[in-house]
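In what follows, a single structure is set out as structure tokens and then discussed.
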Amino acid sequence: MGSVTTPSFDRRAAVSLISRLRTERGQDNPFPIYQELRSQGAVIPAPWGGYLVTSYELCDQILRSSAWLEPDKPWRERQGPRTRWNAPSAREISSTLPALNPPDHTRVRRAAGSFDRGTIEQLSGTVTEDTDRLLDALVDRLRDGEADFAALVSEELPIATVGRWLDLPAADWPRLRDLTHEQVFTQELLPTASQLVRSDVAMAELREYFLELVRDRRTRLREDPVSEWIRTWDLLEPDQDKADEQVYYLALFVLLAALETTSTLLSTTALLLVENPRRWDLVTADPDELVPAFVEETLRYDPPTHVISRVSAADCVLNGVQIRTDEMVHLMVGAAHRDPGKHPRPEEFDPHRRPAHLAFSGGIHYCLGAPLARLEANTLLRQLVRRLPRLTLVRPPTRAPRVAFRRLLNLDVDLA
């Protein structure tokens with residue numbers, strides 16, 4: 001990816017910027033910090049080792065290239081037993097589909113199937129029904145004043161969708177949703193020791209839950225994804241315990257992928273809609289065209305995931321910087337999406353711009369659940385502007401203490 005040069009880096013500046021990014025103010029609005037990071041260069045040293053990549057073009061190239069790998073289980077083991085990469089939750093997540101490299105990734109992805117057109121059409125009806133039910137609850141609450149859109153709608157729709165699809169008891173949904181919010185810290189950019197403990201506890205409970213689910217489902221197979229995965233893995237793996245563990249990892253992956261980032265997408269879409277009355281009027285005037293465009297621009301403007309990490313499969317040169325085998329690069333997707341070299345006027349929210357983003361990753365690891373996330377976001381936005389009068393933002397929302405995985409803790413709205 002280029003010849004070796006001797007770029008000059010201001011490491012002290014990078015340390016300062018990352019420190020600011022981890023503050024409450026930085027997590028609330030990281031984009032000015034991203035702009036300063038980009039001014040340091042397209043590839044800059046991370047204070048803790050490895051590199052930060054802020055260029056859209058380079059992030060896109062890395063995601064699509066087989067020369068860059070997921071930090072998989074063997075890589076994590078090479079980092080040593082006392083590192084964050086070998087915390088119990090980190091080891092557990094390393095066996096799920098997104099953390100695998102070929103040939104394991106190829107095998108598991110084929111076994112997982114996909115959200116093809118037939119599956120999406122099948123889910124579309126239930127997503128619409130659940131959206132209407134949740135908006136009914138929102139309307140009821142708004143009659144008495146303000147309401148928390150995140151709690152009533154954004155957090156509820158994804159768990160209802162995946163819960164029905166996997167045929168999970170509705171009584172379990174709230175706990176599963178809470179556990180997904182806890183486990184995500186193990187995938188953060190710089191998790192603290194206490195955050196990793198929370199991830200470890202949550203992941204242990206998720207493991208127990210889904211292994212029991214697989215054992216129970218095996219006794220009475222049905223026409224649901226978990227039963228289908230059992231049938232598939234029984235053909236691929238003669239050891240039943242190993243087959244059941246593979247089904248568990250698929251179910252765990254689907255839950256984590258379908259909840260955390262999708263609920264953030266729904267909340268962010270709603271926030272961008274209600275904080276600017278002109279946007280509400282714009283979408284209402286032409287929902288057929290503007291609803292999908294609004295969702296895609298949301299994914300560019302403030303994606304649910306701001307950081308994606310990869311490791312180099314071999315020594316290479318990236319934008320003039322020598323990268324060694326096994327060195328990690330952090331793709332600063334939130335910064336890359338506002339790279340003026342890719343998007344004119346990148347700080348402006350413009351649903352009319354041509355869609356281009358890395359919110360669902362890229363290459364062989366392109367998000368399996370992207371069609372489902374789009375279905376939920378498009379359905380919610382369309383029903384929201386169709387059914388409700390214009391809403392207004394009561395107060396700025398607060399966010400979870402994270403850098404890589406965005407999450408609005410509340411989204412308080414009222415009738416305009």
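Small disclaimer: the values here were computed from a predicted structure and weren't measured. Starting from 1, each residue takes its place in the sequence as its number.
Aromatic ring centres of Tyr301 and Phe294: separated by at least 6.0 Å.
Gln183 is listed as a side-chain neighbour of Ile93, based on a closest heavy-atom distance under 4.5 Å. Between Leu250 and Val247, every side-chain heavy-atom pair lies at or beyond the 4.5 Å cut-off. Within the 4.5 Å cutoff, the side chain of Phe149 has heavy atoms near those of the Leu384 side chain. Under the 4.5 Å side-chain criterion, counting only non-hydrogen atoms from C-beta, Arg407 is in contact with His181. The shortest side-chain heavy-atom distance between Val329 and Ile62 falls under the 4.5 Å cut-off. Residues Leu100 and Tyr249 have side chains not in contact (no heavy-atom distance under 4.5 Å, counting atoms from C-beta outward). Side-chain contact between Arg217 and Arg222 is present, with at least one heavy-atom pair separated by less than 4.5 Å. Asp339 is not listed as a side-chain neighbour of Thr54, based on a closest heavy-atom distance of 4.5 Å or more.
Side-chain N or O atoms of Trp68 include none that pairs as donor or acceptor with a backbone N or O of Gln61 at under 3.5 Å. A distance-only check finds a donor-acceptor pair linking the side chain of Glu188 to the backbone of Phe405 [under 3.5 Å]. In this structure a side-chain-to-backbone donor-acceptor pair under 3.5 Å is present from Thr131 to Val127. The backbone N or O of Asp350 lies less than 3.5 Å from a partner atom in the side chain of Glu297, making a donor-acceptor pair. With Arg78 contributing its side chain and Asp326 its backbone, the two residues share no donor-acceptor pair below 3.5 Å. Of the possible donor and acceptor atoms, one in the side chain of Arg353 sits under 3.5 Å from a partner among the backbone N and O of Pro344. Arg402 contributes no side-chain N or O that, together with a main-chain N or O of Val184, makes up a donor-acceptor pair within less than 3.5 Å. When atom types are taken as modelled, the side chain of Ser124 and the backbone of Glu121 share no donor-acceptor pair closer than 3.5 angstrom. Arg310 contributes no side-chain N or O that, together with a main-chain N or O of Leu331, makes up a donor-acceptor pair within less than 3.5 Å. With hydrogens and angles ignored, the 3.5 Å screen pairs no side-chain donor or acceptor of Asp72 with any backbone N or O of Ala99.
Annotation: Arg64, atom CZ; neighbour count of heavy atoms from other residues, nucleotides and ligands within 6.0 Å does not exceed 12. Heavy-atom neighbours of Arg345 CZ from other residues, nucleotides or ligands within 6.0 Å: above the threshold of 12.
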Inset, instruction - For side chain to side chain contact (heavy atoms under 4.5 Å, CB included), just list the numbers for Leu252 and Met203, CA-CA rounded to whole Å, side-chain angles, deciding distance to a tenth of an Å, and then say yes or no. - result: CA-CA 9 Å; Leu252 174 66; Met203 198 67 83; 4.1 Å; yes
Inset, instruction - Test side chain to side chain contact (heavy atoms under 4.5 Å, CB included) on Val162 and Leu176 and set out the steps. - result: CA-CA 11 Å; Val162 76; Leu176 291 172; over 6 Å; no
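Between His337 and Tyr56, the ring-plane angle classifies as tilted under the 30° and 60° cut-offs. Between Phe360 and Tyr366, the angle of the ring planes goes over 60°, which puts this pair in the perpendicular group of the 30/60° scheme. Ring-plane geometry between Trp165 and Trp229 is classed as perpendicular, the angle between the planes exceeding 60 degrees on a 0 to 90 degree scale with a lower cut at 30. Tyr34 and His306 have tilted rings, their planes meeting at an angle from 30° to 60° on a 0 to 90° scale.
Atoms CG and CG, on Asp172 and Leu179 in that order, are 10.5 Å from each other to the nearest 0.5 Å. Separating the CH2 atom in Trp85 from the CG atom in Leu196 is a distance of 10.0 Å, to the nearest 0.5 Å. In this structure, Gln187 CD and Thr96 OG1 are separated by 7.0 Å, a value rounded to the nearest 0.5 Å. Distance check, rounded to the nearest 0.5 Å: CZ of Arg177 to CG of Leu255 gives 11.5 Å. Between atom CG of residue Asn101 and atom OG1 of residue Thr106 there is a gap of 9.5 Å, rounded to the nearest 0.5 Å. Rounding to the nearest 0.5 angstrom, the gap separating the OG atom in Ser154 from the CD atom in Glu376 is 10.5 Å.
Remark: Arg231 engages Glu223 in a salt bridge, criterion side-chain N to carboxylate O under 4.0 Å. Salt-bridge annotation for Glu77 and Arg91: absent, with no side-chain N of the basic residue lying under 4.0 Å from a carboxylate O of the acidic one. Taking a cutoff of 4.0 Å between a charged side-chain nitrogen and a carboxylate oxygen, Asp60 and Lys342 do not qualify as a salt bridge. Comment: Asp140 engages Arg143 in a salt bridge, judged by a side-chain N to carboxylate O separation of less than 4.0 angstrom. A salt bridge links Arg387 to Asp132: at least one charged side-chain nitrogen sits closer than 4.0 Å to a carboxylate oxygen.
Considering only residues two or more places apart in sequence or on other chains, Arg25 meets the salt bridge (Lys or Arg N to Asp or Glu O under 4.0 Å) condition with none of them.
Geometrically, Arg338 engages Phe31 in a cation-pi contact, judged by NZ or CZ lying under 6.0 Å from the ring centre and within 45° of the ring axis.
Of the listed residues (Thr261, Thr264, Asp302, Thr305), just one forms a side-chain hydrogen bond (donor to acceptor under 3.5 Å, both in side chains) with Arg406, and that residue is Asp302.
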